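Structure first, then comments.
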Amino acid sequence: MHKEPLALLPEICLLVGAVTTLLAGSFLPRERQWGARLVATAALVAAGITAAVALADPARTVYGGTFAVDTATGAVRLVVAAATLLVIGLGVDELAGTRRESETYALLLLGALGATVMGSTTDLLVLAVAFLLGSIPLYGLVGMLRSPGAAEAALKTYLLGALFGILLLLGTTVLYGLGGATAYAGLATGLEGAPVAALAVGLLGVLAGLVFKAGGVPGHFWVPDAAQAAGTPAAAFLTTVPKVGALVAVFRLVDVLPGSADWPLLVAVLAAVTMTLGNLAAFAQSDVRRLLGWSTVSQVGYLLLPVAVAGRTGEALPALLFYLGAYAVTNLAAFAVVAAVPDRRGLEESRGLATASPWLAGALVVALLGLVGTPPTAVFVGKLTVFTAAWDGGLAWLVVVAAANTVASLFYYLRWLAPVFRRPEEDAGDGGTRPFAAVAAVLAAACILGLGLAAGAVLPLLDGPLAR
Amino acid sequence: MTLQTVLLVAAALFCVGLYGAISQQVVVMVMMGLELMLNGVILAAGAFWWFLSPAPDGQVLLLVVITAMTVEMAMGFAVATLLHRSRGSDMTDMATDLSR
Amino acid sequence: MTALLWALVVLPAVVGALLCGAGRRADRVAPAVAVGTAGLVLAAAIAVAVSRPAVSVPFLPGADLGLAVDALTAVVLPAVAAVTLLVLVFSAGEITGARGRFFGLMLLFEAAVALTTVATTLPALLFAWEVMGATSYALIAFSWRDPDRVGAGTTAFLTTRAADLGLYVAAGAALAGGAGLGLDRLADAGGPWLDVVAAGVLVAALGKAAQLPFSFWLSRAMEGPSPVSALLHSAAMVAMGGYLLLRTAPLLAASGWADDAAAWVGALTAVALGAVAVAQRDLKQLLAASTAAQLGYVVLAAGVAAVSGGAAHLVAHASTKALLFLAAGAWLSALGTKQLPALRGAARRWPVVGVPAAVGALSLAGVVPLSLWASKDEVLAVAREHSLPLYVVGLAGAALSAAYAGKVLWILWRRPPAAAESGYDTERPGTRQVGGLQQAPLGVLAAGAAVLGLLVWPPVGTAIRTALGETGLPRPSVLEMVLSAVLAVGVVLAVGRLPLPEPRWAAGWLGLGTATQVVAVRPVLRLAEALARFDDRVLDRSVTAAAVAVRGAAGGFARFDDRVLDRAVEATGTGGVRAARGAAVADTTGFDGAAEGVAAALRRLGDLLRRTQTGQLHQYYVQAAVVLAAALALLLLTR
Amino acid sequence: MVDDIVFWGLAVVAVASGIAVFRVDSMARATYALAVSFVAVGLALLLFGLDYLGVVVVLMMVMEMAIMAIYMIMFMGMNPALMPMSMVHGKRTSLAVAGLTFAVLAAGILLVDWPERRGAPAADLTLAVGRAVMGGKMLVMMTVSAVLFATIVSALVLALPRGRYDDDPADEAAS
Amino acid sequence: MLSLIVFLPLAAAVVLGAARALPDAVSRWTWLGVTVAELALVAVLVAGYDTPPDGGLAWEERLRWIPSVGSSYHVGVDGLSLPLVALTAVVFCACAVHALKDARRPRAQAALFLFLQSTCLGLFVAQDLILFFVFFDLSIVGMYFVIAGWGHGGAARSALKFFLYTFLGSLALLVGFIGLYLAADPHTFDIPELVAAAPLADDAVAGAWVLGAILLGLAVKTPTVPFHTWLPPAHTDAPAIGSAVLAGILLKMGTYGFVRIAMPALPDAWQAWAWVVLTVGVVSVLYGALVALAQTDVKRMIAYTSVNHMGYVLVAVGAAGVVADGAQEARELAVTGAVTQMVSHGLITSALFLLAGVLHDRVGSYAMADFGGLAAPAPRYAGLFAVGAFASLGLPAFSGFVAEFQIFAGSIGATWFAVLAVPGILLTAALFLRAYQRLFTGPTAGRAEGFPDLRTHELLPVGGLLLLSLLIGVVPWPLLDLIAPAAETVVGLVSR
């Protein structure tokens, strides 16, 4: 029994932060909720710092083998904390002074907590609970706007989440029955020689739940709707943070499965289908947030590449972690631009952005080209490592599919960029920009480039063993 | 009462629930379908615990399932309320603005 | 001395380039500068002809730029330099507009010719060779406002360049054959490569020398100014074709077939183009055809390895023909015509032009004891040794040359008709005067035309033969010389009495130009147009179609789609019309159809994919179930 | 033997009432049917010796169904007894999907070569679960507490139209 | 030193991009100043270059960058890259001069071109595949904005097509690079290490696939038939200086990739597939020339001649892979010719595009039918265009001849098949003469009337470029001395 509360310090920071934020918010008048924001920010910073400190610890599990403290956990914590901070940064303008400001922060923190736990746990039971912890704040965040669209998106997110949650529980049950344990360490041995058909049902159940969180096929239906209808910070959050936890969780799970069936092929096929669907569906969108929603679906496809070769090549884990970080900051940069110019929701309305606010246009260029994977942005290095890992793991065909998809994706990103640099229409009113979001956008764009250029320094840090 | 029979019953419950979840239009009824699916999972979990591996993990698993059921149900009510208030309807068919 | 060798090439090149670059600003000084430069070049040419320097500088890897003067060069180079000088002096009186450009180009040309004569490696040769072609283009098209003249330049350049491809190929083959790129070592190429080298050189030389079947370009080249015709298209550039063959005679011999081929092409050209010349009514056209015919002897000489005779003929012909072209030019500028009937009696009107022209014509006819008589017999003697038919054909050519030279002679010296003025000014308004600068060179050239036969007689001829190492070659017998002399005189006299036939096939230069148009130029242009259409419509459209498909796959975005679809429809429309006109692309439908099919399939797939996002929750449930079932099947089937 | 009979009885009740959920013509009745189904499963758990959990299930579900009924009356303004309803779509598809799923699952259940039972239940199951919860699986319960907290916040945010600052009715009108 | 050369324009671009209030004139002159400084730096580079022994690199710099994927910031120059670096500096300087009077958003334009310059220089000095790829992709991005932002006609569409097409190529390239990386043991992206290791030497199938991917990527960029269809619209709608850079520098990235990466790193595959390259080269030569012959739009025509000229390069590198009966010398000559052709084409075609741009600047049309007898109102323009056209058709005394002679002599020396490409030079001659005839000679007609002659800022860059071409054409050995040892190394490597 390794009960080491200190090992969970970042998570504790988040939880305490969530409670404190809510409490602080309930005592503060509506105009002065920046106090709650401060608390939330402080909690995230604290979580980040403690996570960074914990990186130095040796890889091990705590709490009876249910929670891994290793490189992957550290990366998830850091990425989640940083991403959530960015979300708060880009959402300040939209949230400040609203009725639900402090609740939003609390839910963001809880969602972040769910993502970290999900990415760090090595026990199916904790995973199931973490799924709930990750999902429930999302429903709240999606529906927060209370507009008809938001309500619809919340409904769909919720109903899909409930179904896939049940599938996750079903899978957990079956795997438990077959393996006699719920911790991965036990499963790794217990599942040896288990009947493949039953194992497949169990794995599929768990995988389905996690794919829902990640927003991949077949659990992707909620993503574009939520991205379109939810508030911008919520949309940014739910297309970014849950994926981080979910994909690492999938990685950990696939890593312990016995080789009695071709799991990698399944994941590879899902990856291919996901990226193709995301890209093809994004083509014709005219609402930038829906477009971004589909784009995140396609990104999940790329992110599944290293998962498909988990355990077959040592490069898979660092590739995944790096891509996650790169993706998070890039996606958030794009959303930050959207948040900064809330009036420009359609592609055509982006016209003349370069003239109106060149910095934002620059950030958008960096973000979108980053999503494409143009060097020297972070996602480029991510794609490079991911492609390399996939090829090394024997999935060269998937690399080709991914490359072809990348070309296809370029098309809709460029469709967004093209009007940005066109001259604005004469009578077009300038809706103005929101300062915090603009700063967040530029900051994130800088991070994209910085992370891309400093990839050499970051990548070795991500190369650590998985604790089981 | 063997593992297979119990599992068959669980599967039956699960599939009845699935039918409900897919076929019902009213949100609350869809939720009932989902509940029924969970019901099947509970039964299966019990069976697995009893027939295959009676470790304490199984009991905790049951606890988790029950918790999940409760929590999801609460969220379901909240979402249904939200839908009802903002769109004046509690039917999933009426909420199809977001598509394509 | 190597400095002089360089000066020979670099001096005219630099001065010429400067004059060209300066354009109109140099118009006033250009003639003086050019004549001065040409004088210096002539001096240098004589100096190097005596001192025989050689030099080599790095140019390309494994292929240096080699320059040297040997016996052959020593004969040809001063002659060319001298003719150039004289032509430039004439031009100073003849050319009135854009002198900077004209004299600059002439000097550039001289530099190229000088380099050609002294080149010892293929890169150096090809370098000069192509520059000659380009300056020829620029000079023929000197009056660029006239589209015909520009077209003539284009024809000349393209035809000679087509032949020049032979040199490129020869260079590659020489490398492949292990011979290196030295001209003197080409014969060492091994195996089949030797044949390729020989063929390449032969084709290039025949093209430049306007031999069959390339002769037609020379006809059109006559649209250039007369000094240009005099220098480029008789004395220098065309002659360089023959010169190259003389220089590479060992290569031709080594190949075993190229020498015979060259000999026969030369002989046949002498006859065929002789006939063409006889049929001409335009003085310059006649002279042009005659040039090709006379160079036939040089080529024949190269084929039978009569290098000294060939060189002598080349030099003598250069002097003779330059003289005649200049005379024609003088009359053209004075009377405004070069039509023979209109020129009747022109020699009587300006004896100062007419007398040298008469000397030239007599030399051309092969009348004793003028230069071409001697040099031609020198060549024919070796040809007879080689093969009797060759000799007979050559002799027939000689008779034809006497015929056309006689034709010119008689017309020029007949009494002018009363209504002479009415025939004048058909080409341009004549000045009715011949300036001193135009007259002076004629005398010198006439002297050359008369006495250059010395090049084959002892002692000069013997010295040259010794220098070239041609000791064992047969010399013309007295009988042969008498025969040819009698033939020449007889034909010339006969021409005075009898009207010459002017068959259309000969008047039209054997239809070679038309044939080229029909066989080569038009098909290529057709092909180009068809390919361009193919490129625009098939290659490009299949890409566009793919793009449309992918875009269509996404549906929506109306504006974009509209534009693309519109354009596609439009393109299909125009495409249909053009295809109806008989576009050459046979497989358009297949190729395009396939592309369209793929496109349509992709579009459908995309629509289908996006249609999955129905907004209906229960359908999401069903889809998720289906996907998971498929995944389960995948897992169970592939294990 | 007795166990078998009891189990089959419960099984029939559970499935039948499950089916009834979607067959009865009012939502309130459906709720009751669902509760019955849950109670049957809860009782079945007792057969496996899971006394504690069985009771928990029964109690929880009864409570929950009560809440559901109240909810329907309070929030949706329905009279649970008198609202006849048949609101289904894609009945055939649903049947097919459910039927096929059942076929697949049943085939799997019957064909799979299930492993042997390993180990024996602990003597005191309730103690064992307590130990697990406070021991090796402590993190589960720690996370569950966070989940409950998140649920409260989230559900309130969604369900309550007004926030704490309900002095501003304009907001609600606007939203 | 190399880093300074590469990143100086980038730094200037950042400054220009950030300084919003900068007057137009200042940004133009800053741009020019930076390019001149670059030129000076490159001159120092060339002056200090001494062919390193054993095919090594000069001015080498290597820093850790992404060690975990075997990628480092590794730059260096040799005889293959130095000429292209110099070419880049020259062409960009010419563009800066040409744009001195350009009124359309000069600050942004200057920043963008400086950025492009950095990427081009970076690509040519990169000795690491990832670094190479980074610059490769960034150049596409930069060019996209150049075409989309400063183009005319259907610029947005052409730019999109350009981007999509070349991006497809770049991804194929990336896939190929990854294949190389994984095949090397230990895994590395370092070009010299890969070249030394020649991975995939014993795996013909994998080698073919990797080479195929790399070839596809480079072929799109070069471009060769049938991947060239992005080129004509891109050129037609690009601004003059954009076309100059696109044709002068960006196309070279493809051909440079052949000699830098594909040939030395995959010798066996290259030998096995050389005939494909050769065939594509021959087809490109003839096809490009023929299609250009039929064009009625000047800029399109020049664009197609690029396909033709790049085809020569392909013929040469293809022939270099035909390792047969010891025609080592010929193959070296061919590769030297190929590199010379890159430089030559860069100079000449840039000049021609700058000249063609003048047409559009003046009267907004490139259609030959709109002009006639231009030589009368614009003699300087006519003269320079004539020089450019003759240089482009391979007239001796210009660099094109030096390049083409070597390519033909070398390629034919290596394989007879290359003979098929020879008619290309006749066709180019025909097409240039026809075009020249239509545009400049004859009676002055159409929009040619009152056509203003070249102004100084237009004259200088074109004149300078053509003068350089002349210099190389007359005294080629300084350049060839630079290239030949490197070509020898490449041929030696590909013959392994």
Side-chain angles (χ1 to χ4, degrees), chain C residues 13 20-21 23-24 57-63 122-123 126-131 133-134 137-138 141 144-147 149-151 153-154 157-158 161-162 164-165 168-169 171-177 181 196 521 524-525 527-536 539-540 543-544 547 563, chain E residues 161 164-165 225-226 228-230 232-233 287 290-295 327 329-330 332-333 336 373 375-376 379-380 383 386 390 394-397 401-402 404-406 408-414 416 418-419 422-423 425-427 429-430 433-434 437 440-443 476-477 480-481 484 487:
Chain C
C20 277
R24 297 196 177 282
V57 293
F59 186 62
L60 305 180
L122 261 181
L126 192 50
F127 191 113
W129 198 255
E130 293 263 63
V131 174
Y137 165 81
W144 50 262
R145 282 190 173 80
D146 182 353
R149 298 195 172 162
V150 181
T154 306
F157 184 60
L158 290 183
R161 193 163 215 223
D164 294 350
L165 300 187
Y168 283 94
V169 176
L175 270 189
L181 294 175
V196 179
V521 179
V524 168
L525 286 180
L527 178 64
E529 276 158 21
L531 283 179
R533 275 202 296 274
F534 172 79
D535 200 65
D536 285 347
L539 277 192
D540 198 27
V543 175
T544 318
R563 231 191 299 156
Chain E
K161 190 171 182 178
L164 281 175
Y165 221 132
V225 176
H228 63 281
T229 49
W230 60 266
Y287 187 88
L290 280 170
V291 176
L293 185 60
Q295 296 304 317
E329 193 191 340
E332 283 170 26
L333 193 63
T336 312
R380 277 199 300 251
F390 274 95
L395 187 74
F401 169 74
V402 175
E404 283 164 25
F405 180 82
Q406 294 182 89
F408 282 123
S411 306
I412 296 173
W416 65 269
V419 169
V422 175
I425 54 176
L426 181 63
L427 290 171
L433 293 189
R434 269 168 61 97
Q437 195 172 337
F440 291 96
T441 67
W477 51 264
L480 299 182
D481 278 354

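Only this structure's heavy atoms are used, side chains among them; waters, hydrogens and symmetry mates stay out. Computed from a prediction, not measured in an experiment: that's the story for all the values here.
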Most contacts with chain E, counted as non-hydrogen pairs under 4.5 angstrom, among C:L126, C:V57, C:D146: C:L126

Atom group of E:A430 that falls short of 4.5 Å from chain C, counting heavy atoms: both

Spacing of C:F534 atom CZ and E:Y287 atom OH [to the nearest 0.5 Å]: 5.0 Å

Partner chain C: residue of E:F390, E:F440, E:F408 with the largest heavy-atom pair count (under 4.5 Å): E:F390

E:H228 side chain reached by E:V291 side chain, heavy atoms, under 4.5 Å: no

Partner chain C: residue of E:A330, E:A484, E:A375 with the largest heavy-atom pair count (under 4.5 Å): E:A375

Residue among C:P61, C:A174, C:C20 with most heavy-atom pairs under 4.5 Å to chain E: C:P61

Spatial distance of atom CZ (C:R161) from atom OG1 (C:T154) [nearest 0.5 Å]: 13.0 Å

Pairwise distance CD(C:E130) to OH(C:Y168) - rounded to 0.5 angstrom: 4.0 Å

Option in C:G151, C:P58, C:A528 with maximal non-hydrogen atom pairs under 4.5 Å from chain E: C:A528

Euclidean distance, C:Y137 OH relative to E:L433 CG, rounded to 0.5 Å: 4.5 Å

E:I412 and E:V422: CA distance, side-chain angles, deciding distance, side-chain contact (heavy atoms from CB on, under 4.5 Å) verdict: CA-CA 9 Å; E:I412 296 173; E:V422 175; 3.8 Å; yes

Interatomic distance, E:L427 atom CG to E:L290 atom CG [nearest 0.5 angstrom]: 5.0 Å

Contact class of E:F401 relative to chain C, heavy atoms under 4.5 angstrom: side chain

side-chain contact (heavy atoms from CB on, under 4.5 Å) between E:Y165 and E:T229, worked out: CA-CA 9 Å; E:Y165 221 132; E:T229 49; 3.4 Å; yes

Chain E contact via C:V524 - side chain, backbone, both or neither, heavy atoms under 4.5 Å: both

Heavy-atom pair count under 4.5 Å with chain C, highest-scoring of E:G373, E:P443, E:A397, E:A292: E:A397

Greatest number of heavy atom pairs closer than 4.5 Å to chain C - which of E:V419, E:L333, E:I425, E:T336: E:I425

Residue E:Q295 versus chain C: region with a heavy atom under 4.5 Å: side chain

Where E:A376 and C:W144 come nearest, the two heavy atoms and their spacing: N-CH2, 3.3 Å

Contact class of E:A386 relative to chain C, heavy atoms under 4.5 angstrom: neither

Verdict with reasoning, C:L525 to E:L293, per side-chain contact (heavy atoms from CB on, under 4.5 Å): CA-CA 7 Å; C:L525 286 180; E:L293 185 60; 3.6 Å; yes

Side chain / backbone / both / neither for E:F405 at chain C, heavy atoms under 4.5 Å: both

Between C:P147, C:P123, C:A173, C:A141, the one whose heavy-atom pairs under 4.5 Å with chain E are most numerous: C:P123

Segment of E:L480 engaging chain C (4.5 angstrom heavy-atom cut-off): side chain

